[in-house]
Every structure is written in C-alpha cells, then in structure tokens.
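To start, the structure under review is shown below, and the notes come after it.
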2 protein chains.
Amino acid sequence: MSTRRETVRQALNESTGFRSAQDLYANLRSEGSKIGLTTVYRALQALSDSGEIDVLRTDDGEAVYRACITDTHHHHLVCRDCGKAVEVEGPQVERWAEAMGTQHGFTDVTHTVEVFGTCAACAAA
Amino acid sequence: MSTRRETVRQALNESTGFRSAQDLYANLRSEGSKIGLTTVYRALQALSDSGEIDVLRTDDGEAVYRACITDTHHHHLVCRDCGKAVEVEGPQVERWAEAMGTQHGFTDVTHTVEVFGTCAACAAA
DNA sequence: CGCAATTTTGACAATCGTTTTCGTTTTCGT
DNA sequence: ACGAAAACGAAAACGATTGTCAAAATTGCG
C-alpha cells in the first residue's frame with residue numbers, strides 16, 4: 001500500500017462531488033505535493049478496480065471519480081459551472097428503473113442517473 | 001441538406017445498435033465511399049444537435065451514436081452483454097429531475113439516465 | 001545494519017479519439 | 001453561367017489517458 005495512493009484517496013474523500021484526474025492532480029500540485037500525473041491516474045485506477053471509488057464519464061469524455069461516501073444508493077445534482085454537487089435520492093427513479101428492466105425481460109438491473117444544472121450562485125454571476 | 005449527412009444518417013439507420021464514429025467511417029470507406037473522417041464527425045454532431053440521433057459514452061470514453069426511433073425525450077435500457085438497447089420513457093424521472101433542480105436552487109436542469117441489465121437472451125446463455 | 005531484489009514513482013513520449021484549420025470543391029440563387 | 005456561401009477532406013492540433021523506462025523508495029534476508 002503506497003503513500004501516494006492514500007494521498008489520492010484522501011483528496012477524493014475531502015471532495016464533495018466528482019473530480020477529474022487532471023483536476024485532482026492540479027489540486028495536489030498546488031498544495032505543494034510533488035506527485036506526478038501518471039501516479040494520480042494509477043492510483044485512481046487501482047482504487048476504482050478495488051471498488052473503493054466510482055467512475056463515470058462526462059459528456060465530453062472526461063473520466064470523473066468520486067469516493068463512495070455513503071452506502072445508501074443516491075445520485076448527484078451537479079453544477080455545470082462550479083462543479084458543486086448535491087446528493088439527492090429518488091425512490092421513484094429506483095422503482096422506475098427496476099420496472100423498466102423487468103418489463104423488458106432484463107435481469108440484474110443497475111442504473112446511472114446524473115442531473116446537471118446551474119446552481120444559484122453561478123446563475124447570479 | 002448535404003448528401004454526405006444523408007449518407008451517415010442512412011448508415012446509422014441501417015444499424016441495429018450503437019456505432020462509433022470510427023466504426024461508421026471504416027464501414028463507409030469499405031463500401032467504396034470517399035467520405036472523410038472529418039465529415040463523419042461533423043454529420044454526427046449535426047444530427048445529434050438536431051436531436052435526430054442519440055449519443056452516449058462507452059466506459060473507455062468513446063462516443064457512440066444511435067438513430068432515434070422516436071422523437072420524444074427518452075432513455076436507454078442497455079444489455080451489458082450484447083449491447084442491445086431498448087428505448088424507454090419515464091415521465092416520472094423527468095419530473096423528479098426537474099423537482100430536484102428547483103428544490104436546490106438549480107436552473108437550466110438537464111439529466112442523463114442510463115439503465116443497464118442483462119437481456120433475456122444473454123441471461124439464457 | 002547492509003545490500004540486492006522488487007516495487008513504486010514521475011518525467012516524458014506515445015496513443016487515440018475528436019476537433020480545428022485551411023485550401024479546394026460543390027451547391028444554390030439569380 | 002457566375003459569384004457567394006456552404007460543405008468537404010487531408011492533415012495538423014488537441015487533450016485526456018496510457019506506456020516506457022530509469023531513478024528512488026521500500027522490502028527481504030543474511
């Protein structure tokens with residue numbers, strides 16, 4: 001277990017929402033860390049492989065990561081300007097996804113839901 | 001409206017599932033078309049902008065496109081084995097996303113929803 | 001402790017999908 | 001047919017991610 005990996009894990013844990021690898025790297029660098037971009041990617045990959053973090057893709061193809069904070073299933077409302085994320089729940093969505101699955105003969109149904117918008121603060125600016 | 005765009009639209013219509021731009025390009029080329037990769041991308045972008053086709057990202061960041069069957073807003077139920085996709089609608093989800101947005105002071109709310117599962121055929125195998 | 005084997009790291013180059021640039025060609029209106 | 005505007009395609013540019021490889025840190029063992 002490397003110190004570097006811990007560094008990345010911790011940086012993710014301190015973030016509320018999704019962070020891109022480049023973003024995390026710049027952040028760590030600006031805090032004085034001498035970590036390399038390669039290592040950030042490697043750490044994120046390792047953490048993702050071991051299921052400690054979630055990965056998803058933004059519409060422009062960038063990979064974003066987040067630490068699994070809670071163990072309850074929830075989704076995110078993300079500000080497309082400042083990146084601030086709010087965790088939201090939606091039982092209705094869960095039920096809908098499940099229903100759609102069984103209705104079409106699909107088993108083992110999972111789903112990803114991301115809601116994007118402009119938060120009040122950014123809308124003002 | 002260009003002939004080239006029609007070519008791409010048609011190529012998509014003849015495909016059952018999701019196709020990548022590179023894939024479509026190779027395909028058209030092998031059929032003797034002298035179309036350029038740039039044009040394929042431009043056509044796909046235009047079609048996507050006008051809402052005639054759907055775009056989503058694979059896990060490795062590649063964009064894949066699919067002709068829309070209906071013109072209403074909808075989501076996809078995708079088989080994680082064979083890639084077969086079913087278009088599904090969910091008014092409840094739309095309303096929920098909208099509600100979450102306003103509830104947290106977000107404006108200009110959009111959302112992405114993808115449902116994954118194993119289709120009946122693949123479950124049997 | 002000391003030293004060799006092994007693992008981790010990071011600067012840099014390579015890759016890959018996608019976008020831009022920029023002449024050239026085609027299309028369209030008149 | 002003529003000129004403006006749009007579409008085209010080849011090649012260069014781009015940005016995120018991955019591979020390479022030598023240096024540095026860690027480990028195992030005597």
Starting at CG of A/L44 and ending at P of D/dA16, how long is that distance when rounded to a whole Å?
14 Å
State, to 0.1 Å, how close B/L24 and B/L44 come at their nearest heavy-atom pair, and which atoms those are.
CD1-CD2, 4.0 Å
With pairs defined as Watson-Crick or G-U wobble and both distances under 3.5 angstrom, please note down DNA chain C as a dot-bracket string, | for pairing with another strand.
||||||||||||||||||||||||||||||
Short side-chain donor-acceptor distance under 3.5 Å, A/E14 and A/Q10:
yes
Indicate, with a heavy-atom threshold strictly under 4.0 Å, whether A/Q22 touches base, sugar-phosphate, or nothing.
base
Pair B/Q22, B/Y41: side-chain N/O donor-acceptor within cut-off below 3.5 Å:
yes
At under 4.0 Å, does any side-chain N or O of B/T39 touch on OP1 or OP2 of D/dC8?
no
Taking C-beta and beyond as the side chain, do A/F106 and B/V86 meet within less than 4.5 Å on heavy atoms?
yes
What is the distance from CG of A/D23 to C1' of D/dT17, rounded to the nearest Å?
16 Å
Find the distance B/D60:CG to D/dG19:P and express it as a whole number of Å.
12 Å
Nearest-angstrom distance from the residue atom CG of B/L37 to P of C/dT19:
10 Å
To the nearest Å, give me how far apart CD1 (B/I35) and P (C/dT25) are.
18 Å
Spacing between B/R57 atom CZ and C/dC16 atom P, to the nearest angstrom
17 Å
Backbone N or O of A/R66 within a donor-acceptor pair of the A/R19 side chain at under 3.5 Å?
no
Tell me whether the side-chain N or O atoms of A/R42 pair up with the base of D/dG19 as donor and acceptor below 3.5 Å, since no angle test is needed here.
no
Contact under 4.0 Å: B/R5 side-chain N or O vs D/dA6 OP1/OP2
no
Nearest whole Å is fine: how far is D/dA16 P from B/E62 CD?
18 Å
To the side chain of A/R29, which of D/dG9, C/dA11, C/dT19 is closest?
C/dA11
With a 4.0 Å cutoff (strictly under), does any side-chain N or O of A/Y41 reach OP1 or OP2 of D/dT18?
no
Between D/dA6 atom P and B/Q45 atom CD, what is the distance in whole Å?
18 Å
Atom of B/L77, atom of A/G101 and distance for their closest heavy-atom approach:
CD2-CA, 4.1 Å
Show every donor-acceptor pair shorter than 3.5 Å between a side-chain atom in residues 92-99 of chain A and any protein atom, with sequence neighbours excluded, or say none if there are none.
| residue | atom | partner | partner atom | Å |
| --- | --- | --- | --- | --- |
| A/E94 | OE1 | A/H73 | NE2 | 3.1 |
| A/E94 | OE1 | A/H111 | NE2 | 3.1 |
| A/E94 | OE2 | A/H75 | NE2 | 3.0 |
| A/W96 | NE1 | B/E89 | O | 3.1 |

If you only use heavy atoms from C-beta on, which nucleotide in D/dA10, D/dT17, C/dC12 is closest to the side chain of A/T38?
C/dC12
